[in-house]
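In what follows, a structure is listed as structure tokens, so that the remarks can point back to it.
When reading the values below, keep in mind they use all heavy atoms of this one structure, side chains included, and skip hydrogens, waters and symmetry mates.
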Amino acid sequence: MTNQDHLPDPAPDVPEAEYDEVVDLVEFRFTNLDPTRREFVKVLGAGLLIAAAAGSSRGQAQRGGRRAGRQGASTIEARLHIGQDGTITVMTGKVECGQGARAELTQAAAEELHVGPGKVRLIMADTALVPDDGGTFGSRSTPSTVPAIRQGCASARELLASTAARRWGVEPKSVSVLDGRAIDPDSNRTFSYGDLASDEDAIRAFGVAASPDVELTPVDSWKVLGTQIPRPNARDLVTGSHAYPSDITRPGMLFGKVLRRPSYGARLLSVDLESAKEFGDVLAVRDGDFVGVVAPSRYLAGEALEAITDSAEWEAVPHPSSDELFDYLRRQARGGVPGNPFADEVARASKTLRRTYHVPYVQHAPMEPRAAVAEWDGGQVTVWTATQNPFAVRGEVARAFGLADEKVRVIIPDFGGGFGGKHSGECAVEAARLARAAGKPVRLVWTREEEFTWAQFRPAGVIQAEASLDAQGRLTSWYFVNINSGGNEIQTPYQAGKNRGVFVPSEPPLRHGSYRALATTANTFGRECFMDELAEAADLDPLRFRLDHLEPGRLRDVLEAAARRFDWDGRSKRKEPNIGIGLACGLDKGSFVAACVEVELAPDKRSFEVKHVCQAYECGKIVNPGNLLNQVKGAILMGLGPALHEEARFQGGKILNASFGRYRVPRFEDVPELDIHLIDRPDLPSVGAGETPLIAIAPAIANALYSVDGRRSNAMPIRLPELV
């Protein structure tokens with residue numbers, strides 16, 4: 001069930017996406033696309049302009065698909081441009097939303113071009129200029145886009161060497177490339193990338209595909225990759241000169257606002273657009289269920305929207321509350337929840353355990369809410385916006401207006417946070433609709449309340465776990481069910497005689513979608529809390545119990561590293577008043593994490609504080625150690641939010657805590673002492689690190705709290721049960 005405030009027709013099927021990419025799209029079907037720019041200019045001087053039309057039909061033709069063809073850069077010139085002055089420009093469809101991709105991808109290009117990173121200019125996420133590298137999600141930039149950029153740039157480097165060798169009449173293998181120049185060691189002649197750009201044969205060669213067999217720089221020869229470099233545009237960020245999407249300004253730009261439903265699922269019966277007349281130069285537009293206003297200032301647009309809002313009549317529909325959320329998800333489970341297939345094993349086991357865990361809806365809460373500026377030029381539109389999926393958003397805009405993809409340009413400036421929450425393009429489409437009506441550029445910035453209410457949530461979930469032990473404390477069966485929040489890493493990494501993980505979709509009451517580590521967070525929370533209880537049932541130390549059920553490998557390595565650095569054996573023997581310790585481990589997206597946590601229980605036993613976190617993390621060969629450290633720290637702090645405070649509260653179809661004042665994200669006072677141990681594996685490929693470091697913190701906190709308090713909280717956020 002999609003609960004956005006203008007969805008006239010059900011959204012089309014969304015193809016299966018990579019990794020945990022989940023998108024609950026708002027599909028727009030606009031029918032009244034007049035007036036033109038000229039018509040608006042004629043009317044603007046007179047004040048109000050109103051455009052209205054009936055909703056679109058269900059059978060209206062759909063154009064395009066969810067994703068543009070995932071082709072990437074098919075030729076060298078699609079990835080790389082070299083100017084005759086030697087300027088090197090590299091293109092990528094990835095976005096920078098605070099995770100450090102701009103630095104890492106610049107490093108990848110510089111490494112293979114054999115130049116310093118300062119010589120590389122990176123153009124990101126402009127659909128008119130760059131290849132489609134897929135969305136920035138699923139921790140795919142490092143394992144997928146870094147190699148693609150390296151391949152294209154290494155091909156250019158080889159072309160530089162071979163062109164120089166051809167001109168000099170020497171063997172290509174005798175030519176080396178250093179600091180952007182091919183060098184003949186015998187004559188000391190040089191040939192630069194700028195010279196290459198003037199060679200007709202080389203120019204033609206740039207139009208062919210990059211060689212898949214090109215020799216990449218081996219890890220032990222890296223000079224730029226594997227080092228710490230600052231973000232290339234760091235100065236712009238800290239001085240405030242960088243223009244985020246919400247800062248974009250265009251000549252003659254106006255400001256927009258959109259009418260939202262008063263509650264989820266409410267249906268618009270009527271609205272009086274004439275009520276906006278008193279505000280002068282205001283445009284009010286209705287197209288099906290879409291209603292918005294445009295004005296010369298954001299304030300005036302807000303005033304006009306308030307007047308329209310007061311005139312609107314709605315029909316409310318029943319909607320469950322957050323207090324009944326988990327029972328609701330169970331009842332709405334598609335096909336019901338299957339029973340344990342290992343019931344016979346459970347019946348003859350020495351010990352058995354059953355537990356249920358709850359994970360609520362949480363918001364992404366980026367510092368920068370959704371924002372877009374749209375500008376039309378005839379039958380073409382350009383949108384500046386914040387999304388992690390630029391080519392897919394181009395498709396959304398194209399479908400909404402019945403355009404071919406090439407008539408839509410989406411530009412993504414570096415923006416203020418996504419965390420999996422900015423995959424879709426509803427704000428871009430809304431801004432484009434208002435700009436089409438206005439005949440001028442329009443900026444639309446969602447309010448914080450809109451962001452908390454209408455942006456997608458991390459899915460809520462119910463997790464049911466059941467396991468059995470033999471007399472020696474070994475797992476003989478394991479059955480793990482996730483209802484609604486997802487199937488990522490639902491299979492246990494621990495050895496068990498019989499084991500199965502099952503994901504059961506439900507009919508969610510809120511619009512949900514991707515989130516940093518998505519369902520892996522919920523499944524790791526349930527699994528690792530359950531493992532601690534099983535360790536207690538087996539009368540074993542939690543670390544020992546896990547190691548007894550882990551084969552040698554990367555997960556065991558990070559667990560042992562974290563425990564050793566934390567001094568788990570020593571701390572677990574010490575019994576300090578009101579101090580508890582806990583641990584958890586997990587894997588996702590090809591990387592591995594383990595966390596050990598110390599908590600302090602208040603003397604009155606009614607509150608607690610996370611004092612210390614020791615985390616070991618391994619993601620293959622480290623590409624940029626400074627950026628990786630920031631990623632891990634940021635993930636831990638983001639994981640603290642849902643672990644300690646964050647949950648969306650709703651009743652009567654309304655979000656009750658749609659502001660930072662009522663929705664409690666981590667604050668400075670919540671930050672514990674952090675001891676991060678990064679494990680570098682030059683023998684393994686590099687993988688993404690934006691998500692996995694988040695997953696172990698919540699269960700480690702829950703387990704630490706139980707060790708000192710003896711009361712278990714099997715839900716996030718973790719709260720102490722009421723004292724009897």
**Item:** Note, Pro509 side chain near His319 side chain (heavy atom, < 4.5 Å)
**Value:** yes

Donor-acceptor pair, Thr692 side chain versus Leu587 backbone, under 3.5 Å? no

Do Arg511 and Ser424 get their side chains close enough for a donor-acceptor pair, meaning under 3.5 Å? yes

Exercise for the section: Check step by step if side-chain contact (heavy atoms from CB on, under 4.5 Å) holds for Ile636 and Ile676. Expected result: CA-CA 10 Å; Ile636 291 173; Ile676 311 299; 3.5 Å; yes

Do the ring centers of Phe592 and Tyr617 come within less than 6.0 Å of each other? no

Which of Val462, Ile463, Val359 passes side-chain contact (heavy atoms from CB on, under 4.5 Å) with Asn482? Answer is Ile463

task: Could you tell me whether Asp557 and Arg554 make a salt bridge, using a distance below 4.0 angstrom between a side-chain N and a carboxylate O?
output: no

Does either side chain, that of Tyr663 or that of Gln363, offer a donor lying less than 3.5 Å from an acceptor on the other one? no

Regarding Asn488 and Thr520, do their side chains bring together a donor and an acceptor under 3.5 Å, going by distance alone? no

Salt bridge between Lys589 and Glu691, side-chain N to carboxylate O under 4.0 Å?
yes

Between Phe137 and His423, is the gap from one ring center to the other below 6.0 Å? yes

Between Phe28 and Arg399, is there a cation-pi geometry (under 6.0 Å to ring centre, at most 45° from the normal)?
no

Counting only heavy atoms not in Glu449 (residues, nucleotides, ligands), do more than 12 fall under 6.0 Å from its CD? no

- Compute whether any side-chain donor of one residue and acceptor of the other, for Asn523 and Glu489, lie under 3.5 angstrom apart. no

Regarding Asp548 and Arg474, does a basic nitrogen lie under 4.0 Å from an acidic carboxylate oxygen?
no

Are Gln631 and Gln99 linked by a side-chain donor-acceptor pair shorter than 3.5 Å? no

Heavy atoms of other groups near Arg556 CZ, more than 12 under 6.0 Å: yes

message = Tell me whether Arg712 forms a cation-pi arrangement with Tyr706, defined as NZ or CZ under 6.0 Å from the six-membered ring centre and within 45 degrees of its axis.
response = yes

In short, Asn703 meets Glu528 closest at the heavy-atom pair ND2-O, 3.4 Å

Open item on the list: Could you tell me if the side chain of Arg458 sits less than 4.5 Å from the side chain of Pro642, heavy atoms only?
Closed with: yes

Original post:
Under 3.5 Å, is there a donor-acceptor pair between the side chain of Thr142 and the main chain of Ser139?
Top reply: no

Scanning both residues in full, the closest heavy-atom pair of Thr352 with Ser468 reads CG2-CB, 4.1 Å

On a heavy-atom basis, the closest approach of Ser485 and Gly461 is CB-CA, 3.8 Å

I'd like to know whether Val146 forms a side-chain contact (heavy atoms from CB on, under 4.5 Å) with Glu104, so could you lay out the CA-CA distance, the side-chain angles of the two residues, the decisive distance to 0.1 Å, and finally the verdict.
CA-CA 8 Å; Val146 165; Glu104 181 179 288; 3.3 Å; yes

Intermediate values then yes/no, side-chain contact (heavy atoms from CB on, under 4.5 Å), Gln615 and Val632: CA-CA 9 Å; Gln615 182 154 299; Val632 175; 3.7 Å; yes

> Are the charged groups of Lys611 and Glu598 less than 4.0 angstrom apart, N to O?
Replying inline: no

**Prompt:** Do we get Arg527 above Trp478's six-membered ring, with its NZ or CZ under 6.0 Å from the centre and within 45° of the axis?
**Reply:** no

Mind checking whether Val623 and Leu628 have side chains closer than 4.5 Å, heavy atoms only?
no

Inset, instruction - Evaluate whether atom NZ of Lys621 has more than 12 neighbouring non-hydrogen atoms of other residues, nucleotides or ligands under 6.0 angstrom away. - result: yes

Nearest heavy-atom contact between Ala561 and His677 is CB-CD2, 4.0 Å

Taking Gln332 for its side chain and Glu507 for its backbone only, find out whether a donor-acceptor pair lies under 3.5 Å. no

Exercise for the section: Could you check Asp470 against Lys351 for salt bridge (Lys or Arg N to Asp or Glu O under 4.0 Å), going step by step and ending with a plain yes or no? Expected result: CA-CA 7 Å; Asp470 62 18; Lys351 294 180 180 178; over 6 Å; no

What do the steps show when you test Arg606 against Leu720 for side-chain contact (heavy atoms from CB on, under 4.5 Å), and what is the final call? CA-CA 7 Å; Arg606 297 184 183 277; Leu720 288 167; 5.5 Å; no

Is there a salt bridge (Lys or Arg N to Asp or Glu O under 4.0 Å) between Arg330 and Asp327? Walk through the geometry before answering.
CA-CA 5 Å; Arg330 283 194 195 90; Asp327 288 338; 3.1 Å; yes

Closest heavy-atom pair, Pro542 versus Asp532, reported as atoms and distance to 0.1 Å, is CB-OD1, 3.5 Å

(message) Is any side-chain heavy atom of Asn714 closer than 4.5 Å to one of Arg355?
(response) yes

Report task. Kindly state whether the ring of Tyr264 and the ring of Trp454 have centres lying under 6.0 angstrom apart. Result -> yes

message = Can you confirm whether Phe566 sits close enough to Val597 that some side-chain heavy atom of one is under 4.5 Å from a side-chain heavy atom of the other?
response = no

Q) So do the side chains of Val504 and Pro338 get within less than 4.5 Å of each other, counting heavy atoms only? A) yes

Worksheet item: Using the benzene-type ring in the case of Trp, are the ring centres of Phe457 and His512 under 6.0 Å apart?
Response: no

Less than 4.5 Å apart, any side-chain heavy atom of Phe608 and any of Ile718?
-> yes

Side chain proximity check, Leu510 to Gln456, heavy atoms < 4.5 angstrom
no

One should read off an interatomic distance between Phe530 CZ and Phe480 CZ, to the nearest 0.5 angstrom, of 8.5 Å

